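Please read all numbers here as calculations on a predicted model, not as lab measurements.
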2 protein chains.
Amino acid sequence: MSIYREKNRKTKDLIQGSFIKILEKKTFESITVGDIAKQAQINRGTFYLHFIDKFDLLDQIEQRLFGDLGNHIDELQSNYSSTHTFEKEQEQLAATLFSAIKMQSPLLKIFLSDHGRAGFHLRFREAFSEKVRVNLEKNESFKATLKVPMEYFLSFITSAFLGLIEQWVQNDLDKTPQEMTILYIDIISFIQKKNTKKV
Amino acid sequence: MSIYREKNRKTKDLIQGSFIKILEKKTFESITVGDIAKQAQINRGTFYLHFIDKFDLLDQIEQRLFGDLGNHIDELQSNYSSTHTFEKEQEQLAATLFSAIKMQSPLLKIFLSDHGRAGFHLRFREAFSEKVRVNLEKNESFKATLKVPMEYFLSFITSAFLGLIEQWVQNDLDKTPQEMTILYIDIISFIQKKNTKKV
DNA sequence: CACAAAATTGAACAATCTGTTCATTTTGTT
DNA sequence: AACAAAATGAACAGATTGTTCAATTTTGTG
């Protein structure tokens, strides 16, 4: 009797699952409602009892994805001990993000590919840009030292991070979240050392 | 009498221009061939004399965009003097890229937005990832020092760079290419200094 | 189980868009 | 002017969309 009880999740889940299955093979724009109904073995009309159109279907999947990701990140973050250095905290955040991504990698792989919907990478970046911003702005020394506009710094660092994630999911998770965290740190260290050397 | 002479570029250009104009207001998936013909004030059948379908139209615009970008970059790079340090060369490359982007910013703004086509940011990143790779691999010390897989490093650094570009074009070029180059260097410097400080 | 509510079905529908065809007209070049 | 290339208008079948509605099936609850 929960307030959040949803009637009829079963068919809705069936439709969403079938849709994702087709999305692995065809682009979003080429998929018809008929395709989805056929895959789910339901009447085409039934689709419209649950979703306005295929865009609504994708929106709802995307919303749930972001929600699940956020919840998982918050959950992991609640276990943080905040006695570390700034760098250690950044490392902890990175590990958290990689871990959360891993759970959603099949969906992310599709949504980030050309089978997905235009602009997804922007919405994805925006969604987790907030997580990073909150984390960074806790640090007074950071805010004081940063000379460039925050929006540009955030675009830079979150895009870089997403670049790693995209490569990772495209490689079908060829590394563990822990290995990815180390890889991330190694790259940062590499950049830090690089400017002391000459050609 | 050039080999590359194209018959009938006028109508083709008209169609492409009209299409881009509509793309500023509507998403690619919602635009019909009828919309394009109406905007260009041509017969719908004429569209099919020049393009297979609207996907072909977008493909051709995208190809030309990448071609133009590449040519412009190569042109600017041919003026390099290679007597600089590795860092100076990286700075020069960054300046070149920002300058090339500026010329194509109206189109890039649309193609990177949710009005464009899924996966554009991947193709875009891939296209200029090559430019960066070639530049990096010239440097022996770089190759020797890099511990992480090249593909991951490239994803990281090119995504970061594209993040800046996306923010820049979304801001309607609120800075000059020179300012963007400085901003880029500032961010790298910031990251380099950051790990020496505590919370 | 029985029964009512909820969900699904099948079929039909007008509307829109697609891609193609073809006869005709316009345009550009020699 | 004459010829070829390009564009037009109209028509066409085929797909897909989103909606409706009566009939049927499934589900949940007493």
Which listed nucleotide ([options]) is nearest to the side chain of [X]?
{"X": "A:Val33", "options": "D:dT16, D:dG18, C:dT20", "result": "D:dG18"}
{"X": "B:Thr46", "options": "C:dG19, D:dA7, C:dT8", "result": "D:dA7"}
{"X": "A:Thr11", "options": "C:dT18, D:dA6, C:dA7", "result": "C:dA7"}

Given atom [atom1] of [X] and atom [atom2] of [N], what is their separation to the nearest angstrom?
{"X": "B:Ile42", "N": "D:dG9", "atom1": "CD1", "atom2": "P", "value": "11 Å"}
{"X": "B:His50", "N": "D:dA6", "atom1": "NE2", "atom2": "C1'", "value": "7 Å"}
{"X": "B:Ile52", "N": "C:dT18", "atom1": "CD1", "atom2": "P", "value": "15 Å"}
{"X": "A:Phe47", "N": "C:dT9", "atom1": "CZ", "atom2": "P", "value": "14 Å"}
{"X": "A:Asp35", "N": "D:dT17", "atom1": "CG", "atom2": "C1'", "value": "13 Å"}
{"X": "A:Leu14", "N": "C:dA7", "atom1": "CG", "atom2": "P", "value": "15 Å"}
{"X": "B:Asp53", "N": "C:dT20", "atom1": "CG", "atom2": "C1'", "value": "13 Å"}
{"X": "A:Glu29", "N": "C:dC17", "atom1": "CD", "atom2": "P", "value": "17 Å"}

*Does the pair B:Lys109/B:Glu166 count as a salt bridge with the N-to-O cut at 4.0 Å?*
no
*A:Thr46 (side chain) donor-acceptor with A:Ile42 (main chain) under 3.5 angstrom*: no
*Establish, with yes or no, whether the OP1 or OP2 oxygen of D:dT27 is under 4.0 angstrom from a side-chain nitrogen or oxygen of A:Lys10.*
yes
*Looking at A:Asn43, does any N or O in its side chain come under 4.0 Å of the phosphate oxygens OP1/OP2 on C:dG10?*
yes
*With a distance cut-off below 6.0 Å to the six-membered ring centre and an angular limit of 45° from the axis, does B:Lys54 pair with B:Phe28 as a cation-pi contact?*
yes
*Quick one: does B:Leu69's side chain get under 4.5 Å of B:Met103's, heavy atoms only?*
no
*Closer to the 5' end of DNA chain C via nearest nucleotide, is it A:Arg44 or A:Leu49?*
A:Leu49
*State, without any angle test, whether B:Gln77 and B:Lys131 hold a side-chain donor-acceptor pair at a distance under 3.5 Å.*
no
